[in-house]
**Student:** 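The structure's right below; bear with me while I get my questions together.
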Amino acid sequence: MKKNRQYLLLSCIFLAAAVTAGGCAAAEGEKDLVYVGHNQAFDHPTNTALLAFEEYIESRLGDRYDVEVYPSELLGSQTDMVQLTQTGAIDICVASNSILETFSENYTLFNMPYLFASSEAYHRAMDDKTVTAPIFNSTAEAGFRAVAWIDAGTRNFYTVSTPVLSPADLRGLKIRVQQSPTNVQMMRLLGGSATPMGFGEVYTALQSRVIDGAENNEMALTSNGHGDICKFYSYDMHQMIPDILVANNRFLENMSPEDRQIFEEGFRLVNEIQRREWVKAVEQAKEKAQATQQVRFFYPDTRPFQEICMPMHQEFLAGHEDIRPVYDRIQEYNIQYPSSSLTEDSK
């Protein structure tokens with residue numbers, strides 16, 4: 001049924017995009033449809049923020065724009081949606097930074113395990129345009145660019161049968177990772193077997209034991225039901241990877257300066273609301289996972305994980321010297337906002 005809905009939606013969207021590409025502007029009195037896609041559930045902070053974006057744009061520009069938000073991969077997987085945004089078939093989508101690594105190697109930096117020393121360092125760095133601009137603008141020639149970052153918390157391992165308390169516990173386990181070369185390399189170094197797949201496939205893969213676990217934030221346990229199957233969640237804190245709101249270049253550039261300013265305000269609103277809702281949602285997810293799903297939370301020593309992964313930093317920088325100033329700026333935030341224990345941010 002979901003595939004049929006996707007097909008019908010995409011058929012309509014491709015038809016609308018073809019009309020636009022053919023140079024036919026909307027008839028007088030008609031509105032420009034703005035298609036926004038993401039992979040999270042309806043009650044997720046990302047969807048809450050995008051619905052607020054829809055309301056804001058339509059309250060200011062409702063005579064010209066009709067914003068439509070499609071959650072839960074209704075417009076396809078994250079990779080599909082980024083490709084559709086490239087072509088202009090849809091206008092805006094949310095994608096994990098790990099997915100964007102395949103479109104620009106600059107995004108690999110934010111995928112590095114243990115890049116940020118604390119949540120505060122992570123947030124401060126991502127709010128600094130000298131850090132984000134070289135990354136966010138690197139896909140301009142590919143047809144899209146980042147317009148905001150979205151907090152996706154800290155990624156940790158969760159498993160079906162046994163907790164991950166040290167890298168040795170990952171040996172022999174098939175762990176779902178995002179479709180990113182960096183994540184595959186990270187799992188190889190840690191001793192697990194990386195199984196890249198789309199997020200929408202994870203529940204079934206866990207249920208059928210195609211995989212032994214996955215790695216994500218606490219919201220995956222409750223919003224996506226993974227805690228119904230995985231009863232062990234370990235705060236190894238291996239990544240703080242943002243989700244990224246990206247928009248088609250032509251869509252942005254064809255606006256009037258006045259409309260573009262309103263949309264930029266809307267993008268900032270997405271960031272503001274999502275981050276506020278995220279804090280509340282994570283607390284609620286953890287409480288629900290413990291009380292309802294009987295998930296147990298563990299706080300292993302993160303240092304063995306870090307020691308194994310840190311060589312990835314220098315390996316990346318050796319081939320991307322132009323990104324070193326960004327990396328160095330992040331290290332300044334790490335010094336300014338250290339954490340005596342990475343697990344303290346999640347306790």
Side-chain angles (χ1 to χ4, degrees), residues 6 9-10 12-21 26 31-42 44-62 64-100 103-104 107 132 135-152 199 242-275 277:
Q6 287 178 350
L9 284 167
L10 290 174
C12 294
I13 289 170
F14 274 123
L15 179 61
V19 171
T20 302
K31 300 178 182 181
D32 289 330
L33 292 175
V34 180
Y35 296 101
V36 183
H38 67 93
N39 71 332
Q40 301 293 354
F42 186 82
H44 193 277
T46 293
N47 194 62
T48 300
L50 288 172
L51 291 176
F53 169 80
E54 175 183 349
E55 182 178 352
Y56 179 77
I57 296 301
E58 292 182 352
S59 71
R60 301 292 301 275
L61 303 171
R64 296 193 295 283
Y65 295 94
D66 182 5
V67 180
E68 297 186 359
V69 177
Y70 294 95
S72 303
E73 292 190 338
L74 285 173
L75 300 185
S77 69
Q78 290 187 77
T79 300
D80 292 336
M81 286 187 285
V82 175
Q83 291 171 341
L84 290 169
T85 304
Q86 264 190 301
T87 64
I90 64 178
D91 305 292
I92 301 168
C93 77
V94 177
S96 170
N97 187 87
S98 294
I99 298 295
L100 296 176
F103 294 86
S104 168
Y107 276 96
T132 58
I135 315 298
F136 286 3
N137 295 329
S138 63
T139 57
E141 292 185 2
F144 66 92
R145 68 180 68 233
V147 293
W149 73 276
I150 291 173
D151 195 354
F199 189 59
D243 284 344
I244 308 294
L245 189 67
V246 301
N248 175 266
N249 278 346
R250 284 197 310 273
F251 167 70
L252 295 173
E253 293 165 1
N254 287 343
M255 291 183 198
S256 69
E258 295 78 16
D259 288 0
R260 177 70 177 270
Q261 178 61 36
I262 299 298
F263 270 85
E264 293 293 344
E265 292 170 4
F267 298 146
R268 288 192 291 271
L269 186 67
V270 170
N271 176 275
E272 175 187 332
I273 292 177
Q274 192 275 341
R275 288 166 68 177
E277 293 299 313

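The basis for the numbers below is simple: all heavy atoms, side chains too, and nothing from hydrogens, waters or symmetry mates.
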**Student:** Hey, can you tell me if Phe136 and Tyr107 have their rings parallel, tilted or perpendicular (30° and 60° cut-offs)?
**Tutor:** parallel
**Student:** Does any part of the side chain of Phe53, heavy atoms only, come nearer than 4.5 Å to the side chain of Leu245, both counted from C-beta?
**Tutor:**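 No, too far: nothing below the 4.5 Å cut-off.
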**Student:** Kindly say whether Pro45 contributes a backbone atom to a donor-acceptor pair with the side chain of Gln40 at under 3.5 angstrom?
**Tutor:** no
**Student:** Would you name the heavy atoms of Ile273 and Ala49 that are closest together and state the gap between them?
**Tutor:** CG2-CA, 3.9 Å
**Student:** What pair of heavy atoms forms the shortest contact from Arg145 to Ala140, and how long is it?
**Tutor:**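 Where Arg145 meets Ala140 most closely, the heavy atoms are NH2-CB, 3.6 Å.
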**Student:** Between Tyr70 and Tyr35, what is the ring plane arrangement, given parallel below 30°, perpendicular above 60°, and tilted in between?
**Tutor:** parallel
**Student:** How long is the span from the CZ atom in Phe251 to the CZ atom in Arg260, to the nearest 0.5 Å?
**Tutor:**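 CZ of Arg260 is found 9.0 Å from CZ of Phe251.
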**Student:** As an exercise, state the distance from CZ of Arg64 to CG of Asp259, rounded to the nearest 0.5 Å.
**Tutor:**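 Here the interatomic distance stands at 4.0 Å.
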**Student:** Once rounded to the nearest 0.5 Å, what's the spacing between atom CD1 of Ile244 and atom CZ of Phe103?
**Tutor:**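 Spacing of CD1 (Ile244) from CZ (Phe103) equals 13.5 Å.
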**Student:** To the nearest 0.5 Å, tell me how far Ile57 CD1 sits from Glu265 CD.
**Tutor:**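 Going from CD1 on Ile57 over to CD on Glu265, the span is 8.0 Å.
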**Student:** Can you tell me how far CZ of Phe42 sits from CG of Asn47, rounded to the nearest 0.5 angstrom?
**Tutor:**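 If we round to the nearest 0.5 Å, Asn47:CG and Phe42:CZ are 5.5 Å apart.
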**Student:** Taking atom CD as the centre, does Glu68 end up with more than 12 heavy-atom neighbours from other residues, nucleotides or ligands that are less than 6.0 angstrom away?
**Tutor:**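 Counting other residues, nucleotides and ligands, CD of Glu68 exceeds 12 neighbours.
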**Student:** Please report the shortest heavy-atom distance between Asp91 and Leu33, naming the atom on each side.
**Tutor:** OD2-O, 3.4 Å
**Student:** Heavy-atom distance under 4.5 Å between the side chains of Leu50 and Val270, does that happen here?
**Tutor:** yes
**Student:** Checking side chain to side chain contact (heavy atoms under 4.5 Å, CB included) for the pair Asp80/Leu75: CA distance, chi angles, key distance, verdict?
**Tutor:** CA-CA 8 Å; Asp80 292 336; Leu75 300 185; over 6 Å; no
**Student:** Counting distance only, does the side-chain N/O of Gln78 pair as donor-acceptor with the main-chain N or O of Ser96 below 3.5 Å?
**Tutor:** yes
**Student:** Using 0.5 Å steps for rounding, measure from the CG atom of Leu252 to the CZ atom of Phe263.
**Tutor:** 9.0 Å
**Student:** Main chain of Trp149, side chain of Asn271: is a donor-acceptor contact present, judged purely on distance under 3.5 Å?
**Tutor:**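 Flag set: sc Asn271 to bb Trp149 pair under 3.5 Å.
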**Student:** Closest approach of Ala52 and Leu269, non-hydrogen atoms and distance?
**Tutor:** O-CD2, 4.0 Å
**Student:** For Arg250 and Thr87, indicate whether the former's side chain and the latter's backbone hold a donor-acceptor pair under 3.5 Å.
**Tutor:** yes
**Student:** Once side chain to side chain contact (heavy atoms under 4.5 Å, CB included) is applied, do any residues pair with Glu58, and if so which ones, sequence neighbours excluded?
**Tutor:** Glu54, Asp66, Val67
**Student:** Restricting to salt bridge (Lys or Arg N to Asp or Glu O under 4.0 Å), what partner residues turn up for Arg268, sequence neighbours left out?
**Tutor:**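 Listed in chain order: nothing, the list is empty.
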**Student:** Return the minimal non-hydrogen interatomic distance between Met255 and Tyr65, and the atom names on each side.
**Tutor:**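 Taking every non-hydrogen atom into account, CG-OH, 3.7 Å.
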**Student:** What closest approach, in Å, do Val94 and Met81 show between heavy atoms, and which atom pair accounts for it?
**Tutor:**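 That would be O-CE, 4.4 Å.
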**Student:** Determine whether a donor-acceptor pair (N or O, by modelled atom type, separation under 3.5 Å) exists between the side chain of Asn39 and the backbone of Ser72.
**Tutor:** no
**Student:** Just by distance, do the side chain of Asp151 and the backbone of Gln274 share a donor-acceptor pair under 3.5 Å?
**Tutor:**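 A pair under 3.5 Å: no.
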